[in-house]
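To start, the structure under review is shown below, and the notes come after it.
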Amino acid sequence: MDGSLIISNILNPPILFFFLGMTAVLVKSDLEIPPPVPKLLSLYLLFAIGFKGGVELIKSGITQEVALTLLAAMLMACFVPIYTFFILKLKLDNYDAAAIAATYGSISAVTFITASAFLTELGIAFDGYMVAALALMESPAIIVGLILVNLFTVDEKRELAWSEVLKEAFLNSSVFLLVGSLLIGLLSGEHGWKVMEPFAQGLFYGMLTFFLLDMGLVAARRIKDLQKTGVFLISFAILIPILNAGIGLLIAKLIGMPQGNALLFAVLCASASYIAVPAAIRITVPEANPSLYVSTALAVTFPFNIIVGIPLYLYGIELLWR
Amino acid sequence: MDGSLIISNILNPPILFFFLGMTAVLVKSDLEIPPPVPKLLSLYLLFAIGFKGGVELIKSGITQEVALTLLAAMLMACFVPIYTFFILKLKLDNYDAAAIAATYGSISAVTFITASAFLTELGIAFDGYMVAALALMESPAIIVGLILVNLFTVDEKRELAWSEVLKEAFLNSSVFLLVGSLLIGLLSGEHGWKVMEPFAQGLFYGMLTFFLLDMGLVAARRIKDLQKTGVFLISFAILIPILNAGIGLLIAKLIGMPQGNALLFAVLCASASYIAVPAAIRITVPEANPSLYVSTALAVTFPFNIIVGIPLYLYGIELLWR
Amino acid sequence: MDGSLIISNILNPPILFFFLGMTAVLVKSDLEIPPPVPKLLSLYLLFAIGFKGGVELIKSGITQEVALTLLAAMLMACFVPIYTFFILKLKLDNYDAAAIAATYGSISAVTFITASAFLTELGIAFDGYMVAALALMESPAIIVGLILVNLFTVDEKRELAWSEVLKEAFLNSSVFLLVGSLLIGLLSGEHGWKVMEPFAQGLFYGMLTFFLLDMGLVAARRIKDLQKTGVFLISFAILIPILNAGIGLLIAKLIGMPQGNALLFAVLCASASYIAVPAAIRITVPEANPSLYVSTALAVTFPFNIIVGIPLYLYGIELLWR
Amino acid sequence: MHAVKRIEIIANSFELGKILDSLNKAGVHGHAVIRNVAGKGLRDGHEDLDMTMLDNVYIIAFCKPDLIKPVVENLTPLLNKFGGTCYISEVMEIRSIKCVASL
Amino acid sequence: MHAVKRIEIIANSFELGKILDSLNKAGVHGHAVIRNVAGKGLRDGHEDLDMTMLDNVYIIAFCKPDLIKPVVENLTPLLNKFGGTCYISEVMEIRSIKCVASL
Amino acid sequence: MHAVKRIEIIANSFELGKILDSLNKAGVHGHAVIRNVAGKGLRDGHEDLDMTMLDNVYIIAFCKPDLIKPVVENLTPLLNKFGGTCYISEVMEIRSIKCVASL
Ligand SMILES: Nc1ncnc2c1ncn2[C@@H]1O[C@H](COP(=O)(O)O)[C@@H](O)[C@H]1O
Ligand SMILES: Nc1ncnc2c1ncn2[C@@H]1O[C@H](COP(=O)(O)O)[C@@H](O)[C@H]1O
Ligand SMILES: Nc1ncnc2c1ncn2[C@@H]1O[C@H](COP(=O)(O)O)[C@@H](O)[C@H]1O
Ligand code: NA
Ligand code: NA
Ligand code: NA
């Protein structure tokens, strides 16, 4: 890798605005994206990606290739939280270990979106059904996380929480809007896409850019939390994504995914959830410390993935697929 | 009607997102469009429809056809609240009857917008000046409603409220922005339209979609209020729109409106106001119970019109205009 | 000037919506753009103008013409607050005089944007690097203002404030986002522009329109503050912009700017800051009365410039450049 | 520090202008207003932040104890007509001297 | 005017539903909710308005003094489990009669 | 339940950082902040939510009674310089034990 991938990734406006956001916090500018704008941006991005994915899924249909990809996605979503849980237990208690494991088993939609923007830039094709993989990988980790907590801690009252867990896992606003938009995309097809395109496609980069500006602000504000988390968690937050992406790439190669899809799959495996899962964990495992599971995902893994990870995994693909 | 109209209406993304919103509330997802986003969406929709209407009105000019249409609109806006008042008095007191009558005499801009999107889908033409009819029909019902209250109740202090009533009727933000945008559209014409088009037209479907998503959430949350309103009001909220649309269609046929305009006119007659009128009534007739006049308009008539009503009235047109 | 310039300026949708906003307040309509939407609109406008300016600056490169223009901009940004300070001291105390001087030495980005929209309308070319002049002119006046306060008042504790002044001058959110977007535009160039265009260009007029609608509301609400400010300040707020624009035009002619650039430069000289500078002054010179420096800039100079000033300065150019 | 009264009013946002007017007439010139307050009271049986016109405002005003009587007299008819609630409590004020140079 | 109690609760927004339920069960049926409250407490060491899920709500409820005991009993386990704080103070209520015609 | 003090501060949003710092220095580590508060006080004669820089914040902090003295000493110069108001009242705290596993 001659660094040119990283540089062409970094010179993208969305990534540059992410840096601008981080800089704003570092130099103590009072720049802020006022609430609830960030929430609106994230609703928009979930809507746009889900809807477009649905439209493309109906075009491609559900082939064996699609089924294999979705299966692999499910598998990784269940496997990642289990093995990371045991790594995390080396240093953390069961609650925190399960919470962080769930975070890393799930995915970050914005990392996925950034990766797909990167692929579009480079002219590498990828399939719309990868959004279905994204949707499938959001929830299982939450459930696996809670099973782990139940297995490794003794707490009578926890039993009661199952209905709440399922609700949090499958009906939280991120998952619900993404899956809903995907289904509506499926139902309304090419025809629906035509009327929505200026909104769902035209604004996409701009909205992503503003969202990443805000993410830069948020991630930088979280950086001071990292002092509390310690070296172990920081290394975890960089190494595990690389490892997960690596495993993801091997599976992708095995089942013969095309390169674009393989990158998106690796990014899904490598990314960690900083909205949906923390919200669910806060309710279902209140014993876990939010500043651990939010800050690692937000202030380390997210920036790492969008700046270094995406081009790195693509480099891996170039090596493996040669 | 072979149901195909209803289905092609339902498969529109905006309508599907309305259902998604309702579903979110029913399954207790925490999906929400954070305030003040819904308000912003409604400002945008009023702006876009008013501005476009103005631009098209200046193109068509004020012909006899236009004048007749506007006259018919005024007439229905005054007549509907009067006759519905007497129907409502069968079961309700004067305050509530007048409040609900005013609600149904006025119009819902979003229902109108949804209908015009439906016509565009089907390739049926309609005229820009229908927006002027929309604007004209917003306010009269508020005034008629207050006259009815004054005639049928004895309350010394009410006299004082007239200046406030006129202000609420003609200067409330919905009416003001719609009429203002219409006038600005008239003044800036084709030339102004060119620079505004990507904003006022390109985003239109997307904004409508998000607004209907929110309306789905709001309508579903209101459904539990319906238990208090009882069977009488619920039937009222479905039958009166059909009746009003029917009368509207007859008038439209009589004065020779083209089919597209006739549908929009029927929809104006059939729809009920859930923003402008309730706000005005709350101030001018505080004795009326808001959950009655808001919930019927919002949780029954609005969904009925956009899902069943619009294709039904179009079916009526196909029969009548044959 | 046969008034046709003023009229063609006034018939622009953004200006008409400014009037609509003022009218809403005058007739006591409850129309409002709910917070934080105005802030979002201003972030968008700063982003869009900065980014576009950067992209165009990289295309044109930094020629001698560019360097001369930027130098002239710096000069005016330092000179205007000094001479207006002494005019203002005739009637006001040192604190208020320095605060208002700083306000008029800085610029209003929205006035600049309105002027560039006006040029685009008329088909008069201007250069992207004028945005760099805009960025350069935002901050110096704040510093000059504080130097003036320090020279003319005796206050021990003020010394401490310098680091804060520099921070307020160069890192306040407006300056930071504008300069940041400019730099990102420089870095991402034509290629970055292509993906951002539908967002950064397509929505531009619409966003400006909504922002001016809000500015109309805000300016009209401020009008009653003007009673307190008195005739001296109101005349100041109209005459000084004309004078500054005149000086600006002479300098522009001297260094041979093309007409479009000259108009933008005159508008920069003539406009006064109502966001960045007041925020900075409120912190660094709390003794000054905000209703004086905000209201003159917002309720007099801003409307004057966008309605009369822009076409007037263009008329001046037609005379001078003939 | 000296004792003052704290007036809290929760009412529908459309009443805001009228309430501030009546506070003003009673001699209470300072206030703070928080918008977009959701709530449930006697009158409306639901969380009602959903549409434009149904959000509440929360108004806080601190004033000298002797102003309470006129405030209550002015506000009661308003609240009776349009709904809303008003509560009064005791607080200590930290006096601060403002430094505006000229007005 | 008569004396009532003022309950103030600051908690994460995800607890809102549970807290209102438990107020309701304790017999407190009126409340006002302010969203998007930033804050710092024992549990989380930072201003946390930044993401969707971490904002606090500020809940105010006025109630008759005898309801305080059940309220505290109902709320304490919730606050212990999920975090949040609750404070109680004395206020005077201005009685107002609502004028809803029919329900 | 035990008695604590409630500090309420209303000030322009640009003062927020300085005020929280001075609360912190006085030993008050918990607080809640409500943004976008409109208001009218001695200094500025108008509702001023309209532009970016002129909105107020409403800060609430509960603390032990003995911290009031340093708080007042720290805050007074700030409020005198930049404007804003501060009020103190009595409340009862419902103690709650947090359940964070590790920090
Ligand atoms: N007991 C209460 N405690 C707190 N807020 C209340 C209470 N009662 C009413 N409110 C608030 O005041 C608003 C209007 O009350 P009402 O006029 O009773 O409907 C409600 O929407 C609530 O936000
Ligand atoms: N002493 C305090 N004063 C004011 N607000 C507080 C205080 N302690 C906690 N809070 C608020 O309550 C929220 C939850 O508190 P905690 O459960 O202690 O993290 C915090 O985020 C603050 O907004
Ligand atoms: N008497 C009061 N009651 C309630 N809020 C007040 C009062 N006085 C001032 N405020 C608030 O504090 C802010 C700053 O006050 P001041 O420094 O007096 O301008 C005002 O904008 C109001 O929001
Ligand atoms: Na993952
Ligand atoms: Na109607
Ligand atoms: Na200037």
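Chain identifiers are assigned alphabetically (A, B, ...) following the order of the sequence lines, protein sequences preceding nucleic acid strands; residue numbering begins at 1 within each chain. Everything quoted here is computed from the prediction, not taken from an experiment.
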How far does CG of L187(A) sit from CD1 of I10(B), to the nearest 0.5 angstrom? 10.5 Å
Parallel, tilted or perpendicular: rings of F210(B) and Y44(A) (30°, 60°): parallel
Partner chain A: residue of V37(B), T120(B), L213(B) with the largest heavy-atom pair count (under 4.5 Å): V37(B)
Nearest 0.5 angstrom please: D30(B) CG to F176(A) CZ, how far? 10.0 Å
Contact summary for F47(A) and T209(B), nearest pair of heavy atoms: CE1-CG2, 4.4 Å
In Å and rounded to the nearest 0.5 Å, what is the NZ to CD distance from K28(B) to E164(A)? 11.5 Å
Proximity breakdown for Q201(B) and chain A, heavy-atom pairs closer than 4.5 Å: neither
Side-chain contact test, heavy atoms from C-beta onward, threshold under 4.5 Å: evaluate it for L183(A) versus L16(B) and give yes or no. no
Flag the pair F170(A) / V27(B) as yes when at least one side-chain heavy-atom distance between them is below 4.5 Å, and no otherwise. no
Looking only at heavy atoms, what is the nearest atom pair of P198(A) and G202(B), with distance? CB-O, 3.3 Å
Are the side chains of V195(A) and F204(B) in touch, meaning some heavy atoms are under 4.5 Å apart? no
4.5 Å side-chain heavy-atom contact, L177(A) and S29(B): no
What's the separation between atom CG in L31(B) and atom CG in L171(A), rounded to the nearest 0.5 Å? 10.5 Å
Find the distance between NE2 (H191(A)) and CG (N12(B)) and round it off to the nearest 0.5 Å. 6.5 Å
Closest non-hydrogen atom pair between I184(A) and P13(B), with its separation: CG2-CA, 4.2 Å
Heavy atoms only, distances under 4.5 angstrom: which of G189(A), S181(A), A200(A) has the most pairs with chain B? Name it, please. S181(A)
